[in-house]
Amino acid sequence: MRMIDIIHNKREGKELSTAEINYIINGYTSGKIPDYQMSALTMAIYFKGMTKRETADLTMAIVESGDQINLAEIEGIKVDKHSTGGVGDTTTLVLGPLVATAGVPVAKMSGRGLGHTGGTIDKLEAIDGFHVEISNEQFVEQVNQHKLAVIGQTANLTPADKKLYSLRDVTATVDSIPLIASSIMSKKIASGAEAIVLDVKTGQGAFMKTPDKSFDLAQAMVEIGTLTKRNTVAIVSDMDQPLGFAVGNALEIKEAIDTLKGNGPKDLEELCLVLGSHMLVLGKKADTVDEAYQRLKEIIASGTAIETLKKFVQAQGGNPDLIDHPEKLPQAAKEISILAEKDGVVHHIQAEEIGISAMLLGAGRETKESTIDLAVGIKLLKKVNDTVVKGEPIATLFVNNENRIEEVKSRVLNAYTLGQGQITATPLIYGVVTTEGIKRYDQ
């Protein structure tokens, strides 16, 4: 078997065999296949695509390139959730306690943020004392006891994906659906998930900018799940404006607490109810999505999810008192209001610009070596279709370092597009993809 022949065959649009795909991933991970040949292959895949079977084989080859987490000792069906990333995406912080309270074990392996997308671990570390450095034995015991635990990704999980992603990032082959789908699903499968709920974002603040592309990606990942015997559901949701109001680590923890108490932003609460409903059905804790939705609403109303959050935080070394007193979370030294320059109605908020602005304040990482300031960020005061009066605050900056403050002010102000009259807003949920097919709500 020769790599040059494999590259030629894919360039001509031919289907690669399972043996060829295993040869590629094994050879590239071990260093026997050089970057220049792998670059040629990823570009051929970018233009020629892959079949369902090829994509599933690629996923499993990546899974088998490193460690695989065995969650067999955890009671119940382990349902994982993954978001393709966005701005103000606080869903895991709400979903974990909410779904765990309903009896579905949430054994979560999460990462840190880079660029304008935040990481769940960074957010949780805004809680004094919270840490993710726990042993596998502690992880299993905690999920069995409290139904919820979060750890960091192991260094040797899907090493082939780490190498491939770095290569794709510098060869303009990131946005290939087979390569994206296999990258995401390989990490979920290697993490021990038995069932998977995917939140596939669409819009200007998302990786996939159009609904059609987002549904293509969602369908590809559900097909991988089916072929690898993981029951998978994908929800396509909006990221044309930030989710909720808060962007920043401590700010998002507070917003998650508010949401679990029933006082959070309606868009964040609704998305969590929808995602959580599918998690309950996959976890065999509800027969239908409607039944699960009502149960989760009752859990929020009862306040029991907040108690689950406290137990989870305490089990991982955090101070549970902060859940009742979020004002004790890290606080920025200064708050700066961004004022509207004219009257109007908010027609659009460029989510990515808001995310970059929060990163420039220190809430995110520009490079892997950057240090995060857990206290800083942005709170939006106006969302799409809200009326704005000239001179009225549309957002608040939470600031410790003012070095780039003028740039941030300008970015936030320019992220808002004001017009006259109400518009037809983009839907929060565009549709659902299951093994039975695609159900779109936006057509």
Is Lys383 positioned over the aromatic face of Phe245, cation under 6.0 angstrom from the ring centre and no more than 45 degrees off axis?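 So Lys383 does make the cation-pi contact.
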
[Y] backbone acceptor or donor facing [X] side chain under 3.5 Å:
X: Asn144; Y: Glu75; answer: yes
X: Asp169; Y: Tyr165; answer: no
X: Tyr23; Y: Met1; answer: yes
X: Ser302; Y: Thr304; answer: yes
X: Thr232; Y: Arg230; answer: yes

For Asp240, salt bridge (charged side-chain N to carboxylate O under 4.0 Å, His left out) partners two or more places apart: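 Counting only residues at least two positions away or on another chain, Asp240 forms no salt bridge (charged side-chain N to carboxylate O under 4.0 Å, His left out).
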
Holding to salt bridge (charged side-chain N to carboxylate O under 4.0 Å, His left out), I want the full list of residues that pass it with Lys81, two or more places apart in sequence or in another chain.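 Salt bridge (charged side-chain N to carboxylate O under 4.0 Å, His left out) check on Lys81 returns nothing, list empty.
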
Got a second to check how far [X]'s [atom1] is from [Y]'s [atom2], nearest 0.5 Å?
X: Glu269; Y: Thr91; atom1: CD; atom2: OG1; value: 13.5 Å
X: Leu282; Y: Ile77; atom1: CG; atom2: CD1; value: 8.5 Å
X: Glu252; Y: Leu329; atom1: CD; atom2: CG; value: 12.0 Å

Is there a side-chain contact between [X] and [Y] (heavy atoms, below 4.5 Å)?
X: Leu380; Y: Ile378; result: yes
X: Leu58; Y: Met50; result: yes
X: Met3; Y: Leu41; result: yes
X: Val236; Y: Arg440; result: no
X: Glu353; Y: Ile356; result: yes
X: Val140; Y: Asn136; result: no
X: Thr59; Y: Ile189; result: yes
X: Ile349; Y: Pro242; result: yes

Please output the side-chain donor-acceptor pairs of residues 172-184 that fall under 3.5 Å, not counting sequence neighbours, one pair per line with the distance.
| residue | atom | partner | partner atom | Å |
| --- | --- | --- | --- | --- |
| Thr173 | OG1 | Thr171 | OG1 | 3.0 |
| Ser182 | OG | Pro178 | O | 2.9 |
| Ser182 | OG | Leu179 | O | 3.2 |
| Ser183 | OG | Asp161 | OD1 | 2.6 |
| Ser183 | OG | Asp161 | OD2 | 3.3 |
| Ser183 | OG | Lys187 | NZ | 3.2 |

Could you check Met239 against Gln204 for side-chain contact (heavy atoms from CB on, under 4.5 Å), going step by step and ending with a plain yes or no? CA-CA 7 Å; Met239 192 42 72; Gln204 290 305 308; over 6 Å; no

May I ask you to say whether [X] pairs ionically with [Y], meaning some side-chain N is under 4.0 Å from a carboxylate O?
X: Arg2; Y: Asp5; value: yes
X: Glu352; Y: Lys209; value: yes
X: Lys10; Y: Glu54; value: yes
X: Asp80; Y: Lys108; value: yes
X: Asp199; Y: Lys201; value: yes
X: Glu15; Y: Arg53; value: yes

Report the C-alpha distance between Asp324 and Lys310 in whole Å, list the side-chain angles of each, state the deciding distance to 0.1 Å, and finish with yes or no for salt bridge (Lys or Arg N to Asp or Glu O under 4.0 Å). CA-CA 9 Å; Asp324 289 327; Lys310 288 179 188 176; 2.8 Å; yes

Side chains of [X] and [Y]: do they bring a donor and an acceptor to under 3.5 Å?
X: Tyr293; Y: Glu298; result: no
X: Asp122; Y: Asn249; result: no
X: Gln138; Y: Ser135; result: yes
X: Asp67; Y: Asn156; result: yes

For Glu20 and Asn9: C-alpha separation, side-chain torsions, deciding distance, then whether side-chain contact (heavy atoms from CB on, under 4.5 Å) applies. CA-CA 11 Å; Glu20 286 173 322; Asn9 289 341; 4.2 Å; yes

Run Thr308 and Thr101 through side-chain hydrogen bond (donor to acceptor under 3.5 Å, both in side chains) and show every step you take. CA-CA 6 Å; Thr308 301; Thr101 303; 2.7 Å; yes

When you look at CD of Glu141, are more than 12 heavy atoms from neighbouring residues, nucleotides or ligands closer to it than 6.0 Å?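 It does not: Glu141 CD has 12 such atoms or fewer within range.
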
Run the side-chain contact (heavy atoms from CB on, under 4.5 Å) test on Ile300 and Leu273 for me, step by step, so that the C-alpha distance in whole Å, both residues' side-chain angles and the decisive distance to 0.1 Å come before the verdict. CA-CA 10 Å; Ile300 290 176; Leu273 288 171; 4.1 Å; yes

Centroid-centroid distance, Phe312 to Phe130, less than 6.0 Å: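 Judged by ring-centre distance (under 6.0 Å), Phe312 and Phe130 do meet the cut-off.
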
